[in-house]
Number of protein chains: 2
Amino acid sequence: MDTKTAGKYERRAAVIKALAHPSRLYIVDRLAEHEHCVNELTALIGSDMSTISKHLSVLKNAGVVQDERRGASIYYSLRIPCILNFFKCADAVIQAIQKEQSALAE
Amino acid sequence: MDTKTAGKYERRAAVIKALAHPSRLYIVDRLAEHEHCVNELTALIGSDMSTISKHLSVLKNAGVVQDERRGASIYYSLRIPCILNFFKCADAVIQAIQKEQSALAE
DNA sequence: TGGTTAATTGGCTAATTTACCAAATAACCA
DNA sequence: TGGTTATTTGGTAAATTAGCCAATTAACCA
């Protein structure tokens, strides 16, 4: 694989990698409804706030979310809504696996 | 987050995680055109065959690809074509980042 | 200014991932 | 059967990731 092609797939992988964590997917799903501050997401997920903050920074560095300070809080929102298509397809894969497994169980 | 919800996002993350590697994304892109055996993919990518084989096993375990032995070779093909939507969206994120960076550079 | 809440950063450890090599399996052909 | 090609598996070292705690930064209010 030549360097240019490798770069293309590395950039794509960087975006997808940023999404590849349950908490981060959950965050994306919540932000798809409306913006949330770190505090709210922390309460929803139940991890340490520093952990959530780091997840948000991963998503932000990848270009998936954006943040905006308003007063003492920092509000995060989805930058690219097409991210939600990932869910549909991931769920289609999951369904296919389940179908296969129940077919094998017969 | 309750256990059921956590499970849902863990399953989704497992699928997305399987895609989160440049070589695996490249493989998916090649398989979107037509099936390939391990040998062919190894030649295209240029890593050790054992490395490619392990990448394929990650994709297979996640339900993204399927394999079929024909003679001495094992042919891999895409199981769920919607995976390709990931690329479009990942590229949209990448474009947005680049736009932002060139705006900042002004 | 001092206290309080919101968020990020640094440090640390445990767990996971990756890539290569070497060895094992599987299928084919002479 | 023996040799060759295709693929997978096991082992190992290096790199990355995740999560928590403690400390720091930022904004607000009394």
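Nothing here was measured: the structure is a model prediction, and the numbers come from that model. Within every chain, numbering begins at 1; the chains are lettered A, B, ... in the order of the sequence lines, protein sequences first and strands thereafter.
At whole-Å resolution of the value, OH in B/Tyr26 and P in C/dT18 are 19 Å apart. Summarising the geometry, the separation between CG on B/Leu41 and C1' on D/dA6 is reported as 13 Å, rounded to the nearest angstrom. Going from atom NZ of B/Lys60 over to atom P of D/dT7 covers 13 Å, rounded to whole Å. Atom pair B/Glu35:CD and D/dT7:P shows a separation of 12 Å (rounding to whole Å applied). Taking atom CD on B/Glu10 and atom P on C/dA15, their separation rounds to 17 Å, with Å as the unit.
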Contact state string [nucleotides 3-14 of chain C, B base, S sugar-phosphate only, - no protein heavy atom under 4.0 Å]: ---SBBBBB---
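Minimum heavy-atom separation, B/Leu56 to B/Val65: O-CG2, 4.0 Å. Among all heavy-atom pairs drawn from B/His21 and A/Ala13, the shortest one is C-CB, 3.8 Å. Across B/Val64 and A/Val93, no two heavy atoms sit closer than the pair N-CG1, 4.4 Å. Contact detail for B/Ile16 and A/Ala90: the closest heavy-atom pair is CG1-CB, 4.4 Å.
DNA chain C lies under 4.0 Å from at least one heavy atom of each of the following residues of residues 13-22 of chain B: B/Lys17, B/His21.
Of the side-chain N and O atoms in A/His55, none sit less than 4.0 angstrom from OP1 or OP2 of D/dT17. OP1 or OP2 of D/dA27 has not a single side-chain nitrogen or oxygen of A/Arg70 nearer than 4.0 Å.
Geometrically, A/Arg24 does not engage A/Tyr26 in a cation-pi contact defined by less than 6.0 Å to the ring centre and at most 45° from the axis.
When each of A/Val15, A/Leu78, A/Ile27, A/Leu31 is paired with A/Leu59, the side chain to side chain contact (heavy atoms under 4.5 Å, CB included) condition holds for A/Ile27 and for no other.
For B/Ala96, the side-chain contact (heavy atoms from CB on, under 4.5 Å) partners at least two apart in sequence or on another chain are A/Arg79, A/Ile80. Remark: A/Ile74 engages A/Asp67, A/Arg69, A/Tyr76 in a side-chain contact (heavy atoms from CB on, under 4.5 Å) (not counting sequence neighbours). A search for disulfide bond (SG atoms under 2.5 Å apart) contacts involving B/Cys89 returns A/Cys82, not counting sequence neighbours.
Counting heavy atoms from C-beta on, the side chains of B/His36 and B/Tyr75 never come closer than 4.5 Å.
The residues A/Arg30 and A/Glu35 are annotated as not salt-bridged, no charged nitrogen and carboxylate oxygen being separated by less than 4.0 angstrom.
The end-to-end axis angle of the helix from C/dT1-D/dA30 to C/dA30-D/dT1, rounded to 10 degrees and based on five pairs per end, is 10°.
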